[in-house]
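Structure record follows, encoded as structure tokens.
Positions are given from 1, in the same order as the sequence printed here. What you are looking at is a predicted structure, and each value in this text was computed from that prediction instead of being measured.
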Amino acid sequence: MTVLVIGAGGTIGRACVEVLLNNNYFKSEKIVAADLKIHSIPQADALALDVTNINHVREVINELEKSSPISGVVYAAGLNTTGPVDAIDWIDYERVMGVNLKGAFHIGAVVLELLREKPRTFASVFVSSTAGLMGEAGGSIYCASKFGLIGFTQSFAGEIAAFGGRANVVCPGNVDSPMLSTLAEKIGAREGRSGSEVLHQWISASAFKRLISPIEVAESCAWLLSNSSSGVSGQTIVVDGARA
């Protein structure tokens, strides 16, 4: 059986691959790391996948299914952008929505086709964000895509249940990653502050007084893929500290 991690070139996606490889529950599973470009991760199979192209998604997943049926998917592909609504770059809008939301629909559509044809025990996790739970000034595109991902997953969970499938959402808070640092720099430049000042503000807002580690997110994803969470579907798990 195969677990497909999509967005394996990103910080959270890579952490998911590494956690799954080191989790005894998944020892008998083939772990496949997928991204737009191939990212080699020791012990994992790697392939290129363009989630914005439904034909490519169908081709890649069907090919995987031939050699080893898919039992799990982690959708960790994601892009970010920032800026006010009246200054939206519409090309940027399409790019972020295409990966964060449309790509998830493409994966879901192909997976549902497989499950209709061959029902099985199947689990999926879609990585949203705490920005998918509450909007914030300057984050309309990213927030809308992550809000939408939660709605999609809840609906998808209802559709695949009859065929043995589950789907859940993980919403990380501020994760220690290059994406977060880049975002902090962009927001800081817009507000006349340094990126480090923005990061410090975010850290101070958490009762943990630190950023969330990618491994903490990945461990939650692994639990949702395992039989330990067999009674959980259509739910949203927040991986974040309490508010200070």
Side-chain angles (χ1 to χ4, degrees), residues 1-8 10 12-21 23 25-26 28-35 44-45 47 49 51-52 54 56-58 60-65 68-78 99-129 132 145-172 217-239:
M1 302 294 279
T2 294
V3 177
L4 176 62
V5 179
I6 300 166
I12 292 175
R14 186 180 183 93
C16 285
V17 172
E18 292 172 348
V19 164
L20 293 173
L21 287 169
N23 188 311
Y25 179 84
F26 299 98
S28 62
E29 305 272 350
K30 179 170 71 173
I31 309 301
V32 177
D35 209 305
D45 291 5
L47 55 79
L49 176 63
V51 296
T52 67
I54 182 64
H56 192 235
V57 168
R58 182 171 286 109
V60 169
I61 290 183
N62 285 340
E63 192 61 32
L64 282 175
E65 179 77 3
S68 178
I70 296 172
S71 61
V73 170
V74 177
Y75 192 85
V99 173
N100 293 10
L101 188 54
K102 187 177 181 180
F105 271 85
H106 288 165
I107 296 298
V110 176
V111 166
L112 182 53
E113 290 171 1
L114 294 180
L115 295 181
R116 282 189 194 278
E117 183 179 348
K118 294 182 180 179
R120 72 198 68 171
T121 298
F122 170 85
S124 55
V125 181
F126 293 83
V127 180
S128 180
S129 168
S145 72
K146 293 300 188 177
F147 266 83
L149 187 58
I150 294 173
F152 160 77
T153 305
Q154 291 175 352
S155 300
F156 182 57
E159 293 182 18
I160 63 175
F163 309 106
R166 297 187 296 115
N168 289 288
V169 177
V170 166
C171 285
V217 180
E219 291 286 4
S220 296
C221 292
W223 177 72
L224 287 170
L225 288 178
S226 75
N227 279 343
S228 295
S229 63
S230 60
V232 181
S233 193
Q235 304 305 309
T236 299
I237 306 297
V238 177
V239 183

Any donor and acceptor pair, going by atom type alone, linking the side chain of [X] with main-chain N or O of [Y] inside 3.5 Å?
X      : Y      : result
Asn168 : Leu224 : no
Lys102 : Val51  : no
Arg120 : Ile70  : yes
Ser68  : Met1   : yes
Ser128 : Val170 : no
Tyr25  : Asn227 : yes
Arg166 : Ser124 : no

Heavy-atom side-chain contact between [X] and [Y] under 4.5 Å:
X      : Y      : result
Leu49  : Leu47  : yes
Leu4   : Leu64  : yes
Phe126 : Val74  : no
Val99  : Thr52  : yes
Thr121 : Ser71  : no
His56  : His106 : no
Val3   : Val32  : no

Determine, stepwise, if the pair Leu21 / Phe26 fulfils side chain to side chain contact (heavy atoms under 4.5 Å, CB included).
CA-CA 7 Å; Leu21 287 169; Phe26 299 98; over 6 Å; no
Please report the shortest heavy-atom distance between [X] and [Y], naming the atom on each side.
X      : Y      : answer
Ala123 : Leu225 : O-CD2, 3.4 Å
Asn100 : Ser145 : ND2-OG, 3.0 Å
Leu149 : Ala104 : CD1-CB, 3.5 Å
Ser233 : Ala167 : OG-N, 3.1 Å
Phe156 : Val111 : CZ-CG1, 4.0 Å
Val19  : Glu219 : CG1-OE1, 3.7 Å

Side chain to side chain contact (heavy atoms under 4.5 Å, CB included), paired with Val125, selected from Cys221, Ser220, Cys16
Cys221
Ile160 vs Leu112, side chain to side chain contact (heavy atoms under 4.5 Å, CB included): CA-CA, chis, key distance, verdict
CA-CA 6 Å; Ile160 63 175; Leu112 182 53; 3.8 Å; yes
Would Lys118 and Glu65 count as a salt bridge (charged side-chain N to carboxylate O under 4.0 Å, His left out) here? Give the steps.
CA-CA 11 Å; Lys118 294 182 180 179; Glu65 179 77 3; 5.3 Å; no
Taking it one step at a time, do Asn62 and Leu114 satisfy side chain to side chain contact (heavy atoms under 4.5 Å, CB included)?
CA-CA 8 Å; Asn62 285 340; Leu114 294 180; 3.5 Å; yes
Atom CG in Asp35, atom CZ in Arg14: separation rounded to 0.5 Å?
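Nearest 0.5 Å value for the CG-CZ distance: 11.0 Å.
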Could you verify whether a donor N or O on one side chain and an acceptor N or O on the other, from Thr2 and Glu29, lie under 3.5 Å apart?
no
What do the steps show when you test Leu20 against Val5 for side chain to side chain contact (heavy atoms under 4.5 Å, CB included), and what is the final call?
CA-CA 10 Å; Leu20 293 173; Val5 179; 3.7 Å; yes
